> 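Quick one: this structure, given as structure tokens, is what I'll be asking you about.
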Amino acid sequence: MPSLKAIKKRISSVANMKKITKAMNLVAASKLQKAKSRLDNVKPMYGDIRDLMDNIRAGISDDMNVPFAEEREVKNAAYIVLTSDRGLCGAYNALVSKEAFAFVEANTKKGVDSKIIAVGTKGWDYFRRRGKEIVMRCEGASEASSYTDAEVLGQKVSEMYKSGEVDEVYIIYTHFESVLAHIPYIEKLLPLKAASSEDFDPGAFAMSYDPDVSTFLEHAVPMYLNITIFGAMMESSVCEYASRMTSMDSATKNASDIVDDLTLDFNRKRQGIITQEITEIVSGANALQ
């Protein structure tokens, strides 16, 4: 049985930990609001560009020379995996990392070599320990992501695809549904998948290109990649803060429960010691009579 001093020391330790988790919960909540506001500001532009690209893809014919829409035999694939740089955010990193690894492994069994672009230390460490080839590592972009970070990634995958180093490009991130619902999501970036006829709006596609559609897409597709990657980074950032907030809230509640249980044990043990001392005093007094 632990002594009263040991129990009191543990109560103090858990109480201090509770203060830390409570502070982390408040910080995460504040950052969540800012990240959610940034995501809401990006979504309209992101949606407009996606709609534009849907119509453009639907209008691409086989006789057009569009490198980004070229279908090849898939031998190498690049995977942009978005995780966080820090832990203490529940199952956020584990879920997206496992989803990404399962997808990479499934393609590897088909004879496709994988090249990982790890955004976040946790994803880098996860794939490094499993022996995957990591061609690029980005730190600090998970919490303080900017459009410049997305441009760097977009330029990297564009060069890899155009040079023939990879034949497909995927991005794997966590999609934000709500504060309590975060879903790992896999999206194919390159080659541009053909849009269905239902997505094609002839009125929206009635446009002229200068000098031609191929040259236009040479500039439009990198911008499309950048904004898609940036949107994914924004969603992942929101999911990270939401997961950390709920995780720290749960940790704070657990710490409170532990303090309550330890306090009850402390009081019971102290009461037992007092009762024993009274019993010894009474027994000694009776023995003297």
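In this chain, residues are counted from 1 in sequence order. All values reported here derive from a predicted model rather than from experimental measurement.
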> CG of Asp261 to CD1 of Ile11: how many Å apart, nearest 0.5 Å?
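Atom-to-atom, Asp261:CG and Ile11:CD1 are 10.0 Å apart.
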> Between the side chain of Glu235 and the main-chain N/O of Phe176, is any donor-acceptor distance below 3.5 Å?
yes
> Tell me whether Val157 is reachable from Met233 by hopping between hydrophobic residues (I, L, V, M, F, W, Y) whose side-chain heavy atoms are closer than 4.5 Å.
yes
> Can you hop from Tyr147 to Tyr224 via hydrophobic side chains spaced under 4.5 Å?
yes
> Any carboxylate oxygen within less than 4.0 angstrom of a Lys/Arg side-chain nitrogen, looking at Lys253 and Asp249?
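Salt bridge flag = yes for Asp249 with Lys253.
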> Regarding Glu105 and Lys132, does a basic nitrogen lie under 4.0 Å from an acidic carboxylate oxygen?
yes
> Determine whether Ser114 and Asn107 make a side-chain contact, defined as any pair of heavy atoms from C-beta on separated by less than 4.5 Å.
no
> Hey, is the main chain of Thr121 close enough, under 3.5 Å, to the side chain of Asp85 for a donor-acceptor pair?
yes
> Got a donor-acceptor contact below 3.5 angstrom from the Thr263 side chain to the Val259 backbone?
yes
> Over all heavy atoms of both residues, which pair between Met160 and Ala78 is shortest? Give the atoms and the distance, please.
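Heavy atoms of Met160 and Ala78 come nearest at CE-CB, 4.2 Å.
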> I'd like to know if the side chain of Tyr173 reaches the main chain of Ile80, judged simply by a donor and an acceptor atom lying under 3.5 Å from each other, with no hydrogens or angles considered.
no
> Crowded around Arg137 CZ? As in, over 12 foreign heavy atoms under 6.0 Å?
yes
> Consider only side-chain heavy atoms of I, L, V, M, F, W and Y, link residues closer than 4.5 Å, and tell whether Leu88 and Leu82 are in one cluster.
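Different hydrophobic clusters.
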> Is there side-chain contact between Asn41 and Ser37, with heavy atoms separated by less than 4.5 Å?
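Side-chain contact under 4.5 Å: yes.
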> Short question: side chain of Ser256, backbone of Thr252 - any donor-acceptor pair under 3.5 Å?
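Checking the backbone N and O of Thr252 against the side chain of Ser256, a donor-acceptor pair under 3.5 Å is found.
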> Mark yes or no: Arg270 above the aromatic ring of Phe266, with NZ or CZ under 6.0 Å from the six-membered ring centre and no more than 45 degrees from the axis.
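Geometry flag: not set, cation outside 6.0 Å or 45°.
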> Would you say Glu133 has more than 12 foreign heavy atoms packed within less than 6.0 Å of its CD?
yes
> In terms of side-chain heavy atoms, does Gln155 have a donor or acceptor partner in Glu159 at a distance below 3.5 Å?
yes
> Using the rule that Ile, Leu, Val, Met, Phe, Trp and Tyr join whenever any side-chain heavy atoms are under 4.5 Å apart, tell me whether Val119 and Leu225 fall into a single cluster.
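They do share one cluster, since a chain of ILVMFWY contacts under 4.5 Å joins Val119 to Leu225.
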> Using a 6.0 Å cut-off, check whether atom OH of Tyr185 has over 12 heavy atoms from anything other than its own residue.
no
> For Arg72, is the CZ atom crowded, meaning more than 12 foreign heavy atoms sit under 6.0 Å from it?
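Counting other residues, nucleotides and ligands, CZ of Arg72 exceeds 12 neighbours.
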> Checking Arg244 side chain against Gly87 main chain: does a donor-acceptor pair fall under 3.5 Å?
yes
> Nearest 0.5 Å please: distance from the CZ atom of Phe127 over to the OH atom of Tyr79.
9.5 Å
> Working to the nearest 0.5 angstrom, can you tell me the gap between Met136 CE and Ile117 CD1?
6.5 Å
> So, the side chain of Asp149 versus the backbone of Ser146: is there a donor-acceptor pair under 3.5 Å, distance only?
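Yes; at least one donor-acceptor contact below 3.5 Å.
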> Looking at Cys239, is its backbone amide N or carbonyl O close enough to the side chain of Ser243 to form a donor-acceptor pair, meaning the two atoms are under 3.5 Å apart?
no
> Would you check if the side chain of Ser30 reaches a backbone N or O of Val27 as a donor-acceptor pair within less than 3.5 Å?
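Side chain of Ser30 to backbone of Val27: no pair is present.
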> If every non-hydrogen atom of Ser97 is compared with every non-hydrogen atom of Thr83, which pair is closest and at what distance?
OG-CG2, 3.7 Å
> Are Val166 and Ile171 linked, directly or through intermediate hydrophobic residues, by side-chain heavy-atom contacts shorter than 4.5 Å (ILVMFWY only)?
yes
> Quick check for you: to the nearest 0.5 Å, what is the distance between Met234 atom CE and Lys43 atom NZ?
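Here the interatomic distance stands at 12.5 Å.
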> At what distance, to the nearest 0.5 angstrom, does OH of Tyr161 lie from CG of Asp167?
7.5 Å
> Any side-chain heavy-atom pair from His182 and Leu95 closer than 4.5 angstrom?
no
> Nearest 0.5 Å please: distance from the NZ atom of Lys34 over to the OH atom of Tyr241.
9.5 Å
> Between Lys122 and Asp125 (salt bridge meaning N to carboxylate O under 4.0 Å), is one present in this structure?
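Salt bridge flag = no for Asp125 with Lys122.
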> Looking only at non-hydrogen atoms, find the nearest pair between Arg128 and Ile134 and report the distance.
N-CD1, 3.8 Å
> Between Thr279 (side chain only) and Thr275 (backbone N and O only), is there a donor and an acceptor less than 3.5 Å apart?
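Here the side-chain-to-backbone pair exists.
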